[in-house]
Student: 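Questions regarding the structure given below will be posed in turn.
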Number of protein chains: 2
Amino acid sequence: MAEDRRTRRSRRALGTALVELVLERGFTALTVEDITERADVARATFYAHFRDKEDLFARVTADLLSELSERLAPAVAESAIGFTGKPVLEMLRHAHEERDLYRIVLRGEGDGKPLQMFVDACARATTEEFRARAERNAVRPRIDPELLARVWVGEQVAVLRWWVEQDTPSLPAAEVVRMLLDLALHGRYWASGFEPPA
Amino acid sequence: MAEDRRTRRSRRALGTALVELVLERGFTALTVEDITERADVARATFYAHFRDKEDLFARVTADLLSELSERLAPAVAESAIGFTGKPVLEMLRHAHEERDLYRIVLRGEGDGKPLQMFVDACARATTEEFRARAERNAVRPRIDPELLARVWVGEQVAVLRWWVEQDTPSLPAAEVVRMLLDLALHGRYWASGFEPPA
DNA sequence: TCAATTGCAGACACTCTGTTCAGTAAACGA
DNA sequence: TCGTTTACTGAACAGAGTGTCTGCAATTGA
């Protein structure tokens, strides 16, 4: 017995209603009744499943995050050598599928808490990846891996947000990844048009 | 007649009370009464000055932003040639002085709205700066200046947040600036310890 | 089919909001 | 210094939203 069908229905409906409404009016502006009305569910039912709207939001984003890390796992394992960009590409694909939710999270809705969780999770994973990679290839980082991870994730999130907020995607995911690789290899100085200094 | 002293006193008190309390409990958890109590001001007085707590927060952050851009102006004008890092250094100094407020904003309190304003303002200014610089030095950007600006600002914000959230600053501002310059020049690949590829 | 579970509608006390107002205190200009 | 202007106070107000609880109806899984 996996779960009562009614339970599943209600939870799903409430989740999607939340996402829709946050996109339309913003998280703080929403009422629990707004959500239940959109989901066509009684208000009392909401409280049977979630403590409050923050709780609902937290669960929705937590699900998204675990879905992402599942999809990322093979790509990360595969590109164990260097900066292949495979995980980034996979993330962009995921973001494309779950565009609405990504928008909401990246806008920092809900006091930015879901976003911080997202960022921190990415930063931790990236830090470890950097450390492992340095070890494997026997090189010494010129900058602390943790800081470097923060920089990398910050860049990542900025690009992701920009990409996801566009009404008509100006660049395909593969292009974005190539660009980011170029940046990682040559630096911003090169990217802005200058010749690399000796 | 600049402004009534009582008015100034009340506004200041409410502003600092807000910052303190957001740092302690988070923005959404706060009540208008919490703020007025901390500020030792009648609740009715609050509404004589601000529409709601969002309004208060918006004004506090707007003030911070204009203060920052004032301080940045000379540094930007001075470093018209290339990536001197002077504006970044000035920003870090400012962040050090207004540490509490910077923390709050960078945490995305208030549904991330103040942060978005901050980021967008920086991104616009940076885009223009990049364009102007390319024009002046007669080089053609290899990546769209607007995207490059987003990347740069994203990195910036990530570092800023990391730096401001540390209990005991592990790196002095000047060190951070030098690091960022290195990154801009050589890229992350180099920073993580690998030799630059031919 | 039947027992168990979930959803439903409505009511409840409670907290917070944003507004109003008459009385009091402080600041200002001359 | 004094009169006038202005801001602050404390209290009360209706309204909206919250979170909880009820008995009853509908669905479910076995």
Side-chain angles (χ1 to χ4, degrees), chain A residues 1-63 104 109-114, chain B residues 1-63 104 109-114:
Chain A
M1 62 167 208
E3 195 180 30
D4 196 307
R5 176 189 285 155
R6 288 168 295 177
T7 301
R8 243 176 311 156
R9 265 176 56 85
S10 297
R11 287 191 208 254
R12 287 203 106 82
L14 289 168
T16 53
L18 177 80
V19 174
E20 286 176 23
L21 286 170
V22 171
L23 213 53
E24 293 172 19
R25 295 185 228 159
F27 184 76
T28 38
L30 292 185
T31 303
V32 172
E33 189 157 18
D34 290 334
I35 302 169
T36 56
E37 196 180 325
R38 175 68 64 98
D40 202 21
V41 154
R43 204 165 69 87
T45 305
F46 179 94
Y47 289 105
H49 292 290
F50 307 103
R51 206 175 54 261
D52 45 36
K53 58 174 181 165
E54 280 77 17
D55 186 31
L56 170 56
F57 195 15
R59 300 215 196 188
V60 170
T61 52
D63 287 354
I104 291 168
E109 296 278 0
D111 257 343
K113 259 163 232 159
Chain B
M1 60 166 212
E3 197 180 26
D4 196 309
R5 175 190 288 156
R6 288 167 294 177
T7 300
R8 240 176 311 155
R9 265 175 57 85
S10 297
R11 289 192 208 249
R12 287 203 106 82
L14 289 168
T16 52
L18 177 79
V19 174
E20 285 176 23
L21 287 170
V22 172
L23 214 53
E24 292 172 20
R25 295 184 227 160
F27 184 76
T28 38
L30 292 184
T31 304
V32 171
E33 189 158 18
D34 290 334
I35 303 169
T36 57
E37 196 181 322
R38 174 70 64 100
D40 203 21
V41 153
R43 205 165 68 89
T45 305
F46 179 96
Y47 289 104
H49 292 290
F50 307 103
R51 205 173 56 262
D52 45 38
K53 61 173 179 165
E54 279 78 16
D55 186 30
L56 170 56
F57 195 15
R59 301 215 196 188
V60 169
T61 53
D63 287 353
I104 291 170
E109 296 279 1
D111 258 343
K113 258 162 232 158

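Throughout, a chain's letter reflects where its sequence line sits, starting with A, and its residues are numbered from 1.
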Student: Given 3.5 Å as the limit, does a donor-acceptor pair link the side chain of E109(A) with the main chain of I104(A), or not?
Tutor: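 Flag not set: sc E109(A) to bb I104(A) has no pair under 3.5 Å.
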
Student: Can you check whether any acceptor in the base of dA26(C) is under 3.5 Å from a donor in the side chain of R6(B), or vice versa?
Tutor: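 Such a pair is found, so the answer is yes.
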
Student: CG of L56(B) versus C1' of dG18(C): gap in Å, rounded?
Tutor: 15 Å

Student: Under a 4.5 Å cut-off applied to non-hydrogen side-chain atoms, are F46(A) and L56(A) in contact?
Tutor: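 F46(A) reaches L56(A) side chain to side chain.
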
Student: In whole angstroms, how far is the C1' atom of dG7(C) from the CD atom of E37(A)?
Tutor: 17 Å

Student: Ignoring hydrogens and angles, tell me if any N or O in the side chain of D4(B) forms a donor-acceptor pair with the backbone of R6(B) under 3.5 Å.
Tutor: yes

Student: So, is H49(B) close to the dC8(D) phosphate, meaning a side-chain N or O under 4.0 Å from OP1 or OP2?
Tutor: yes

Student: When the distance from CD of E3(B) to P of dA7(D) is rounded to whole Å, what number comes out?
Tutor: 9 Å

Student: Which parts of nucleotides 10-19 of chain D does protein reach within less than 4.0 Å, heavy atoms only, written one letter per nucleotide 5' to 3' as B for base, S for sugar-phosphate only and - for none?
Tutor: BBB----SBB

Student: Does this structure show an ion pair linking R38(B) with D34(B), if we count only N-O contacts that are shorter than 4.0 Å?
Tutor: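 No salt bridge links R38(B) with D34(B).
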
Student: Looking at the base of dT28(D), is there any donor atom on it, or on the side chain of R5(A), that sits under 3.5 Å from an acceptor on the other one?
Tutor: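 Under the 3.5 Å cut-off, the side chain and the base do not form any donor-acceptor pair.
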
Student: Just to confirm, is there a sub-4.0 Å distance from OP1 or OP2 of dC8(D) to any side-chain nitrogen or oxygen of S10(B)?
Tutor: yes

Student: Side chains of D52(A) and V32(A), heavy atoms from C-beta outward: is any pair under 4.5 Å?
Tutor: no

Student: Rounded to the nearest Å, what distance is computed from the CZ atom of residue R12(B) to the P atom of nucleotide dC8(D)?
Tutor: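 After rounding, the gap between these two atoms is 15 Å.
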
Student: Go through DNA chain C and write down every stem, that is, every run of at least three consecutive Watson-Crick or G-U wobble pairs with distances under 3.5 Å, as range with range.
Tutor: C:1-11 with D:20-30, C:13-17 with D:14-18, C:19-30 with D:1-12

Student: Round to a whole Å and report the spacing from CG of D4(B) to C1' of dA26(C).
Tutor: 8 Å

Student: Near E24(B) CD, under 6.0 Å, is it more than 12 heavy atoms from other residues, nucleotides or ligands?
Tutor: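 Counting other residues, nucleotides and ligands, CD of E24(B) exceeds 12 neighbours.
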
Student: Rounded to the nearest angstrom, tell me the gap between atom CZ in R11(A) and atom P in dT5(C).
Tutor: 15 Å

Student: Could you check how far CG of L14(B) sits from P of dA7(D), rounded to whole Å?
Tutor: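 In whole Å, dA7(D) P lies 15 Å from L14(B) CG.
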
Student: State plainly whether the residues D55(B) and R59(B) are in salt-bridge range, i.e. N to O under 4.0 Å.
Tutor: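 Salt bridge: yes.
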
Student: Taking only Lys NZ, Arg NE, NH1 and NH2, and the carboxylate oxygens of Asp or Glu, determine whether E3(B) and R11(B) approach each other closer than 4.0 Å.
Tutor: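 So E3(B) pairs with R11(B) through a salt bridge.
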
Student: Test your reading of the model: is there a side-chain donor-acceptor pair from K53(B) to the backbone of L18(B), 3.5 Å cut-off?
Tutor: no

